[in-house]
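Proteins get letters first, then strands, A, B, ... in listed order; numbering begins at 1 in each.
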Amino acid sequence: MSNELIGARVLRKEDNRFITGKGRYTDDINLAGQTYACFVRSPHAHANIKGFHISAAENAPGVVAVLTGLQVLEDGLGGLPCGWMLHSKDGSEMKQPMHPIMAGEKVNYAGEPVAVVIADTYEQAKNAVEQVAVDYEVLQAVVDTSSAAEQADIYPDIPANTCYNWELGDAEATSQGLAEAAHITRIELINNRLIPNAMEPRAAIADYNTGTEELILYTTSQNPHLARLIFTAFVQIAPEHKLRVIAPDVGGGFGSKIFVYSEETTISWASKKIGRPIKWTAERSESFLTDAHGRDHHTMAELALDEEGNFLALNVKTTANMGAYLSTFASAVPTYLYGTLLAGQYRTPSIYVEVDAVFTNTAPVDAYRGAGRPEATYVLERLVEKAASELAIDPAELRRRNFIGKDQFPYQTPVALEYDIGDYEASLDKALEMSDYAGFASRKDASQRAGKLRGIGLSCYIEACGLAPSALAGSLGAGVGLWESGEIRVNPTGSVTVLTGSHSHGQGHETTFAQLVSAKLGIPIDDIDVVHGDTGKMDFGLGTYGSRSLAVGGSALSRAADKVIAKGTKIAAHLLQTDAENIEFDAGEFKVIDSNEGKTIQEIAFAAYVNHDFPIDELEPGLTEKAFYDPVNFTYPAGTHICEVEIDPDTGVTEITKFTAVDDFGTLINPMIVEGQVHGGLVQGIGQALLENCVYDTEGQLVTGSYMDYCMPRADDVPSFDVGMTCTPCTHNPVGAKGCGEAGAIGSPPAVMNAVLNALGQTDMDMPATSEKVWQAIQNAAASN
Amino acid sequence: MSETVNLIVNGQDKAVSCSANTTLSQLLREHLMLTGTHVGCDTSQCGACTVHVDGKAVKSCTILAVQVDGSEITTIEGIANQGEQHAMQAAFKECHGLQCGFCTPGMIMASIDLVQSGMDLTEPEIREGLEGNICRCTGYHNIVSAVASAGQKMREA
Amino acid sequence: MELTQRLEIPVSNQVVWDALNDPLILMQCLPGCQRFEATAENCFEMTVQAKVGPVKAVFKGEVMLTEMDPPRAYRISGQGQGGVAGFAKGGAQVSLVPAGTVAQPATLMTYVVIATVGGKLAQVGGRLINGAARKIAKQFFTEFVRIVCKQEAMDVVIETIQGEG
Ligand code: FES
Ligand code: FES
């Protein structure tokens, strides 16, 4: 596919509605006769429910219904499922507590919904919520990740609060490697818990029509088809043909809107009961409490090296917090999205990783931008940097020494993945040059003269994206295949409607996919519209997450376009009275080879719908084609991030003076959009490294539950970025794309932390490196000298 | 308890009856159906709700409708001039200063005020000026470029 | 949060003890207290209006006096439900030691205050709870001393032994 549109900075088609205030987000939608829902949430992290007192609320002005967790039990609704089954080392299945859509008997985290009040206005619902009294018997909460297994069991049938003990790799070979090592570098790390904070809070409107028995749910979802499947197959709220899920404009997701939550499920169920539409919009406080959180690992790792600094073995032991329930993809995040990435860009021959997943009385934890891969990169890149400092080898040089060479692909890692292609040195070299790594020493001197501490840190990350080869995912426990679908409808007058099962909530699919289809079909991009996010329009799809949309969804569209061309070729052959073999398609035209005869695709489209004389046995009318694409492997974006910081020792404030990111995403369709994805990811990663931290107190109360307490990166906390690209196209998908949505959040945290520690001349500190923590570290070092 | 609030919204006279505790953001979104103004938090921290009250950027979730009785309100829907996009709108598109678009109306309204306030449009000044608005998608990089580029155009005009 | 403080009150141990067991006095000392009624021996029901940071709520709850060791010590503990605002639990272990003489009686009072909050109060007001609890303790014991000494504008000096003063 060579076309000037591939790789062009096409301005986004979707922007006009957003910059004029005409976006249509879920909360912007209002339906006739709509009611409002407001949830009663547990103030306790762990408690038995002894009773509900709802009559005052039922009699409050405007209240239509008050439903509690007890009614959920009575109606026998299924729980919210986890879609990825894992097995422990001993072969036993992971433990999965029942996750009711509202708790009726016992609450397991603060903020868990126990009842819902539905009223004519939002104020009435909110006021009536105050009137609902719930009697609780408070139980001791389990909060801390690393000690959860030793504490009292939260669920009677789940011993040691343990979901699974999982392992990957060769334990024996790894301990052998450690035994033979000339040097072992050890590290203990906490990967801080994060709250995703898409700027649009979750919202939903459920509209049940008692006449047609059809339920339409508008919801802030990254994958409406999956929501429909879960509602139908697991929770059993409505049969699939009577359930339409629409995810209109969605204001960011970052993973948190993949999952199926209590609230939208509850109002769908309730709308059926009351026969009126119900709207629910989260307040930010509710988002803090109930959106699935991210990360929260405690890890110990050791890296064995020989005298020359060659990596011999890597041993990793991680405890991962699942929260109180298993969210939709929770079990896969600290295992198949984490352990498999521990080879990084290196040739380490033996790797062994053990992961214990534990339950605690905190909000469920699931995939957040990067999901498992940032945690893996963080462990590895902190460890490598520490090893470099212990061995007094330049950290760039140590990495280079251990890189998988560009002629070694395909490369089978000791942790299951087979990398198809890459050129890690190219990215490293480019990043070293762009960041003027060689000139760092003189910049450090200058800072020193000014009384400041300057540091530089690297991170060479890899990720496995483009989720996922279905057969592989299935064999690892995925409950669904992870292919994607795409449909191209060439309308009679030559405009095109593209339907995709992936979903855009900021990624710009309406532009990138239009570019792709335009490049394939030679139809002007303005004549192409991309439709997504509506189960009533597209029959099935798996949605957007794991940087998969272009690599998987785009590939499906590329296939569909090939089918359109094939069909168009037949039509052209018929119209031009020749054989299909004599037709070639190029730049929107079907031409008879070696002649000046031809038809434009627009002419073919028109003919496809209006023609009277198709040989109907061989040629059906119409020009709509659909394709499914199931990747044969993951894609492996990789790159080098270099962060340079300057620290004021008097205040502990860290300023990022330069941040360089060089990434290999394979073929780029729209570099402007790709760079935007990188910028956004970098700031989320920098936020994790310097500012963001989700804190529960010892009783399980979320004490960082607002923007006053949870520090989000703002414009003046971060720099502008130097973003560069290298390119080794993905070998196994037709687009050559690898995915770019998560790289920034994966590569940046270790780069920032390595830079901070380099400035301080230290090797241990957990994220976030707040000014207080940095200042304290400086004081402690001064005191011990 | 219902109050009548008289406002000029995007150049049009409006008399809205609402309760005394209705915020300006609620009045705009729920009474006037101007849903371009977004609500992203409940603690006045995110700036998604920023509009202009008598030409100044104000977080509309933080102010009661009755407090702005008699004022002139401009929202994201009202800044284009006869169908021609405001320089700031155009620059956000041109520089790819938006992704999901949720923070965008507030960002654009805050940025216009920033330029109009006459401050220098260096990168640090712009970054500091946008401190009251959170964007989770763009990493701010392209927003800063958009404000600088629109600012120049607005000042030249 | 935990806070230990000490103060000297220029009245006898018995007077202080009696006052500590007088619901009317306790009610007057507790800022925002609208109701304080005995329901059983050493058990009271109360209604308190309180504000922690941005969260303002009326708390309904109960107060209990336990670990009674007259006239030397007791524990006063309470908990209140503030509806959607969440809940608050708090209390003080109070001990009295006679100081001074028969002619000039005085009592050394030491108390350890603990306080925790939950729900929305913890979520958006959590970082303010230490300050709020400290302020309430100060108001409570200052007012208490003024009442038992019958001096409305008396300066009360409170010494912090442990916890950030
Ligand atoms: S909604 Fe107004 S500041 Fe967040
Ligand atoms: S564009 Fe999504 S929050 Fe700014």
Engineer: Which atoms of Asn133(B) are under 4.5 Å from chain A, going by heavy atoms: the side chain, the backbone, both sets, or neither?
Structural biologist: backbone
Engineer: Find the one option among Ile134(B), Thr104(B), Leu130(B) whose heavy-atom pairs under 4.5 Å with chain A are most numerous.
Structural biologist: Ile134(B)
Engineer: Are the charged groups of Arg127(B) and Glu131(B) less than 4.0 angstrom apart, N to O?
Structural biologist: no
Engineer: Pick one of side chain, backbone, both or neither for Ile673(A), based on which atoms fall under 4.5 Å of a heavy atom in chain B.
Structural biologist: both
Engineer: Between Asp27(A) and chain B, which part of the residue has a heavy atom less than 4.5 Å away: side chain, backbone, both or neither?
Structural biologist: both
Engineer: Is any NZ, NE, NH1 or NH2 atom of the basic residue among Arg12(A) and Glu510(A) found under 4.0 Å from an Asp or Glu carboxylate oxygen of the other?
Structural biologist: no
Engineer: Where does Gln26(B) contact chain A at under 4.5 Å (heavy atoms): side chain, backbone, both or neither?
Structural biologist: side chain
Engineer: So for Thr138(B), is it side chain, backbone, both, or neither that comes closer than 4.5 Å to the heavy atoms of chain A?
Structural biologist: backbone
Engineer: Could you tell me which portion of Ser706(A) (side chain, backbone, both or neither) has an atom closer than 4.5 angstrom to a non-hydrogen atom of chain B?
Structural biologist: side chain
Engineer: Tell me if the centroids of the rings in Phe92(B) and Phe18(A) come within less than 6.0 Å of each other.
Structural biologist: no
Engineer: Could you check whether Glu675(A) pairs with Arg9(A) (Lys NZ or Arg NE/NH1/NH2 to Asp/Glu carboxylate O, under 4.0 Å)?
Structural biologist: yes
Engineer: Does a sphere of radius 6.0 Å around CZ in Arg24(A) hold more than 12 heavy atoms from other residues, nucleotides or ligands, not counting ones at 6.0 Å or beyond?
Structural biologist: no
Engineer: Regarding Asp291(A) and Lys257(A), does a basic nitrogen lie under 4.0 Å from an acidic carboxylate oxygen?
Structural biologist: no
Engineer: Could you tell me which portion of Met712(A) (side chain, backbone, both or neither) has an atom closer than 4.5 angstrom to a non-hydrogen atom of chain B?
Structural biologist: side chain
Engineer: What part of Pro713(A) is in contact with chain B, defined as an atom under 4.5 angstrom from a non-hydrogen atom: side chain, backbone, both or neither?
Structural biologist: both
Engineer: Is it the backbone or the side chain of Phe721(A) that comes under 4.5 Å from a heavy atom of chain B, or both, or neither?
Structural biologist: both
Engineer: Give, as side chain, backbone, both or neither, the part of Val678(A) having an atom under 4.5 angstrom from any heavy atom of chain B.
Structural biologist: neither
Engineer: Are more than 12 heavy atoms, taken from residues, nucleotides or ligands other than Gln67(B), located less than 6.0 Å from that residue's CD atom?
Structural biologist: yes
Engineer: Side chains of Glu283(A) and Lys126(A): closer than 4.5 Å at any heavy-atom pair?
Structural biologist: yes
